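Since the model is a prediction, treat every value here as computed from it, not as a measurement. Start at 1 and go down the list; that is how both ligands and their atoms are numbered.
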Amino acid sequence: MKALIAAPIHRDAIKLLEDAGIQVVYKEYPSEKELSELIVDADILFVRSKPLVTAEVISKAEKLKIIARAGVGLDNIDVKAAEARGIKVINTPEATTRSVAELTIGLMLSVARKIAYSDRKMREGKWVKKEAEGIELKGKTLGIIGFGRIGREVAAIASKGFGMRVLYYDVYRASPEIERELGATFVDLETLARESDFVSVHVPLTPETRWLVGEGLLRLMKKNAILINTSRGGVVDTKALIKALQEGWIAGAGLDVYEEEPLPPNHPLTKLDNVVLTPHIGASTEEAQERAGVDAVRKVLELIKELK
Ligand code: NAD
């Protein structure tokens, strides 16, 4: 069997494949044309958020059985075209949960304690001790929108690690056991917006969640509230957020994801001192990448056994 690895995958994952007797061909981020040629005799294709696996590419594959995405989103794969040809598509949504949750807490702390702002000013030679006064997390209310894998991990760290009160909103209510274990209370979206000192977004981007955090919700939030978004940029209406930050409807924001990525240079968000920005690094940790690669290979090896 032959596996085409079309994106950087952790070395331990590649070793697992080789140990299973699978021939490995590595080409990092091939163009559509290159991928169309390389895929002809591959049995398995590994990708990350790139390269694009279009219907055109899939139509060239003569032996392909599995497309494995090391990571979560399947936006770069034409899943319908793959499934129409009996090709299985798998991903590893659990692998990045902890890393995104920890970045979320990092952004909360960075905005609350003005860490990035202080760092910027120090480099300009300014000692902004007074301006950089912040707030503690302990005793504050965290509102989590989207109580799935990441939302729950954030809830656990916030309630157990920082003594925060946790509210959550989701289309599905968690079981009483989980609510008790994570110290989280189910509320409607308006209550969450009104009562939270921090609001953190963890829903997928769907037609229902696009601009879920828009002018209406931002205006309901407390004036001293901080918004964190490590989910997808399109869940927040960026124009409304900029207005909210400029006009003081809320106090600050920590963002890892944007409606347009990469964030264009000189974007209005980069001009605001009460915002902390990171370049979509939620899953960018050694551990998450190792888990994503190794979990993807394990799932592939299981599937191969079933397909035999
Ligand atoms: P998940 O599927 O485990 O959880 C999502 C939750 O959102 C579910 O509980 C679901 O019921 C809820 N939900 C869906 N639609 C909703 C709606 N309209 N209203 C309220 N709740 C709704 O997903 P996850 O693994 O926790 O990931 C959450 C988000 O994090 C996703 O958007 C994912 O793309 C993003 N993510 C970002 C990074 C990063 O690098 N920043 C990395 C991984 C994942």
For residues Glu32 and Thr54, is any side-chain donor paired with an opposing acceptor at under 3.5 Å? yes
Quick one: does Leu205 get an N or O within less than 3.5 Å of an N or O on ligand 1? no
For ligand 1, is there an N or O atom under 3.5 Å from any N or O atom of His280? yes
protein heavy-atom neighbour closest to atom 26 (O) of ligand 1 works out as Ile150 N, 2.8 Å
Polar contact flag for Arg232 and ligand 1 (N/O pairs, less than 3.5 Å): yes
Taking 4.0 angstrom as the limit and counting only heavy atoms of Asp256, give me the atoms of ligand 1 inside it, by number and element. 39 (C), 40 (O), 41 (N)
Between Ala101, Ser231, Gly71, Ala174, which one has a non-hydrogen atom sitting closest to atom 35 (C) of ligand 1? Ser231
Going only through I, L, V, M, F, W and Y residues with side-chain contacts under 4.5 Å, is there a path from Ile67 to Val72? no
Check this for me: does any side-chain nitrogen of one of Glu124 and Arg120 sit under 4.0 Å from a carboxylate oxygen of the other? no
List the closest protein heavy-atom neighbour of atom 14 (C) of ligand 1: residue, atom name, distance to the nearest 0.1 Å. Pro204 CD, 3.6 Å
Is there a polar contact, in the sense of an N or O pair closer than 3.5 Å, between Asp170 and ligand 1? yes
Ignoring angles and geometry beyond distance, decide whether Pro93 reaches within less than 3.5 Å of ligand 1 through its nitrogen or oxygen atoms. no
Qualifying residue, where the test is side chain to side chain contact (heavy atoms under 4.5 Å, CB included) with Met221 and the options are Val199, Asp197, Leu192: Val199
Test of proximity, Thr230 against ligand 1: N or O pairs below 3.5 Å: yes
Would one find an N or O of Arg149, backbone or side chain, under 3.5 Å from an N or O of ligand 1? yes
Please check if Leu245 and Trp249 belong to a single hydrophobic cluster, counting links between Ile, Leu, Val, Met, Phe, Trp and Tyr side chain heavy atoms closer than 4.5 Å. yes
Among Leu218, Leu217, Thr209, Leu241, exactly one meets side chain to side chain contact (heavy atoms under 4.5 Å, CB included) together with Val236. Which residue is that? Leu241
Hey, does the Lys NZ or Arg CZ of Lys50 hover above the aromatic six-ring of Tyr29, less than 6.0 Å from the centre and inside 45° of the axis? yes
With a cutoff of 4.0 Å, is Thr206 in contact with ligand 1, counting heavy atoms of the residue only? no
Ring centres under 6.0 angstrom apart (Tyr168, Phe186): yes
Could you name the option among Pro207, Gly282, Gly148 that has the heavy atom nearest to atom 4 (O) of ligand 1? Gly148
Determine, using heavy atoms of Thr209 and all atoms of ligand 1, whether some pair is separated by less than 4.0 Å. yes
Is a side-chain donor or acceptor of Arg69 paired with a backbone partner of Asn91 at a separation under 3.5 angstrom? no
Would you mind running through ligand 1 and noting each atom that sits below 4.0 Å from a heavy atom of Val100? 38 (C), 42 (C), 43 (C)
Contact with ligand 1 for Ala283, non-hydrogen, under 4.0 angstrom: yes
